[in-house]
Amino acid sequence: MKVFVAGSKGQLGWELQRTAPAGVEFHGWDLPDLDITDAPQVALLMAQIKPDLLINSAAYTAVDKAEAEVDVAWRVNSDGAGVLAAAAASVGAAFLHVSTDFVFDGSSSRPYQPDAVCAPVSVYGASKLGGELAVMRAHCNATIIRTSWVYSVHGGNFVKTMLKLMSEKPALNVIADQIGTPTWARGLAGLLWQLGQSQGGLQGRPYAGRTLHYADAGTASWFDYAVAIQEEALALGMLTKAIPINPIRTEDYPTAAQRPSYSVMNRDSGWSVSGVAPHWRSQLRLMLRELTEKNTQ
Ligand SMILES: NC(=O)c1ccc[n+]([C@@H]2O[C@H](COP(=O)([O-])OP(=O)(O)OC[C@H]3O[C@@H](n4cnc5c(N)ncnc54)[C@H](OP(=O)(O)O)[C@@H]3O)[C@@H](O)[C@H]2O)c1
């Protein structure tokens, strides 16, 4: 199966590349060689490669910066997603598109179902919702996978930022009133490969036209997450001493973008495909172990 992955240098794209199943001919593309907003370039590549499956993990993911760079965020997350979906449709390729829990406003107190009303509160969230609509318009058999709070040993993320700050600062203040679910990009990559093998393969496309939710199991605030990172990192010898971590409120840490206060998704749809629902904390432990091994090599 020929698979074209857009955004192959990002956290998820990198995990997709290293976990590609046997039999997959992997074509990974990213900036500067591929700009997903460049429709003629995308069409040309698609005609040359003729993939069976296209996975879009490319995105503008700088949530705060997007508030000032509205046009770029929309061009990449909405227009670019539509360009890829149209190109995939034109060569008959299946299409998997990755989206976000930030399409929700966070006012719920119960996990969001895939068909819950979307009402993003940030430019990033709105541009990603724009991308979902553009994808569905351009490719009626596409599958959208929403996920949340993604991290990996590759790239920048909350885990790596916390580890750095915990080794440099005497104490940390971390937001305790935003609740979501950390998700290891490795598990998400595994789900995409499972979906890809059913969508891009020859067995029909059971998830065509559907929106699925996938994240690790459990829930956490950023504060819970930071405390867990410190505990696990101390146990692995990645940190030498514990520092105080203080819970604070959102209003005590102003950011350019507003974030949903509760962005927990109901993940049954994704877990029914993956067949597993690993807890975020055990996934965090695995990722930190991998990071330790990487740092000692
Ligand atoms: N990270 C999260 O917490 C999170 C949460 C929920 C959903 N998601 C979604 O999950 C997916 C994967 O996220 P991720 O964390 O892997 O993101 P990431 O690490 O930021 O990777 C995105 C990749 O896309 C590339 N890219 C940006 N603009 C592009 C363009 N015009 N053409 C081609 N490539 C372009 C980026 O390149 P540059 O780095 O050079 O810009 C980067 O390599 C995205 O759809 C994201 O919206 C992420």
Side-chain angles (χ1 to χ4, degrees), residues 4-19 27-39 41-42 45 54-66 69 71-85 87 95-104 106 112 120 122-132 134-135 142-161 178 180-189 191-192 211-216 220 222 225 257 259-260 263-265 267 270 280 287:
F4 185 109
V5 172
S8 59
K9 292 184 190 162
Q11 300 192 84
L12 175 60
W14 183 80
E15 294 285 2
L16 281 167
Q17 179 142 22
R18 63 208 300 257
T19 58
H27 295 261
W29 290 83
D30 204 314
L31 287 173
D33 305 313
L34 166 74
D35 180 348
I36 62 167
T37 67
D38 183 342
Q41 189 204 10
V42 170
L45 274 176
L54 198 157
I55 302 178
N56 180 23
S57 65
Y60 179 105
T61 55
V63 176
D64 287 312
K65 222 165 128 194
E69 295 189 344
D71 290 350
V72 193
W74 271 89
R75 221 170 28 248
V76 177
N77 292 342
S78 180
D79 302 350
V83 164
L84 287 174
F95 191 73
L96 301 179
H97 175 71
V98 183
S99 191
T100 173
D101 56 332
F102 281 19
V103 296
F104 299 117
Y112 285 94
S122 63
V123 169
Y124 168 74
S127 67
K128 291 293 292 182
L129 178 58
E132 292 187 9
V135 164
T143 307
I144 291 169
I145 301 95
R146 294 194 188 117
T147 189
S148 63
W149 298 22
V150 176
Y151 64 91
S152 150
V153 297
H154 174 81
N157 51 59
F158 185 79
V159 178
K160 288 163 84 177
T161 302
Q178 289 172 23
T181 310
T183 302
W184 191 21
R186 176 78 56 83
L188 175 61
L191 169 89
L192 291 171
T211 297
L212 310 178
H213 283 175
Y214 180 88
D216 288 335
W222 295 107
Y225 190 14
R259 287 166 173 75
S263 64
V264 177
M265 300 182 296
R267 293 145 279 180
W280 67 265
M287 177 274 197

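Positions are given from 1, in the same order as the sequence printed here. Remember, it's 1-based here, ligands and their atoms both numbered in the order they're listed.
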Nearest heavy atom to atom 42 (C) of ligand 1: which of Ile145, Asp30, Val103 does it belong to? Asp30
Indicate yes or no: does an N/O atom of Ser57 lie under 3.5 Å from an N/O atom of ligand 1? no
Quick test of your reading of the structure: of Asp33, Thr183, Leu84, Val150, whose heavy atom lies closest to atom 3 (O) of ligand 1? Val150
Heavy atoms only: which of Tyr124, Trp29, Tyr60 is nearest to atom 46 (C) of ligand 1? Tyr124
Do Asn157 and Gln11 have a side chain donor and acceptor closer than 3.5 Å? yes
Counting both backbone and side chain atoms, is some N or O of Asp101 under 3.5 Å from an N or O of ligand 1? no
Going by the closest heavy atom to atom 17 (O) of ligand 1, which one wins out of Leu12, Ile36, Thr61? Thr61
I need the contact type for Ser99 against ligand 1. Using non-hydrogen atoms and a strict under-4.0 Å cut-off, is it side chain, backbone, both or neither? backbone
Atom 39 (O) of ligand 1 protein-contacted, heavy-atom criterion under 4.0 angstrom: no
For ligand 1, indicate whether the residue Thr147 contacts it via side chain, backbone, both or neither (heavy-atom separation under 4.0 Å). both
Counting only heavy atoms, which portion of Leu34 has something under 4.0 Å from ligand 1: side chain, backbone, both, or neither? backbone
Which option, Lys128, Lys9, Gln11, owns the non-hydrogen atom nearest atom 15 (O) of ligand 1? Gln11
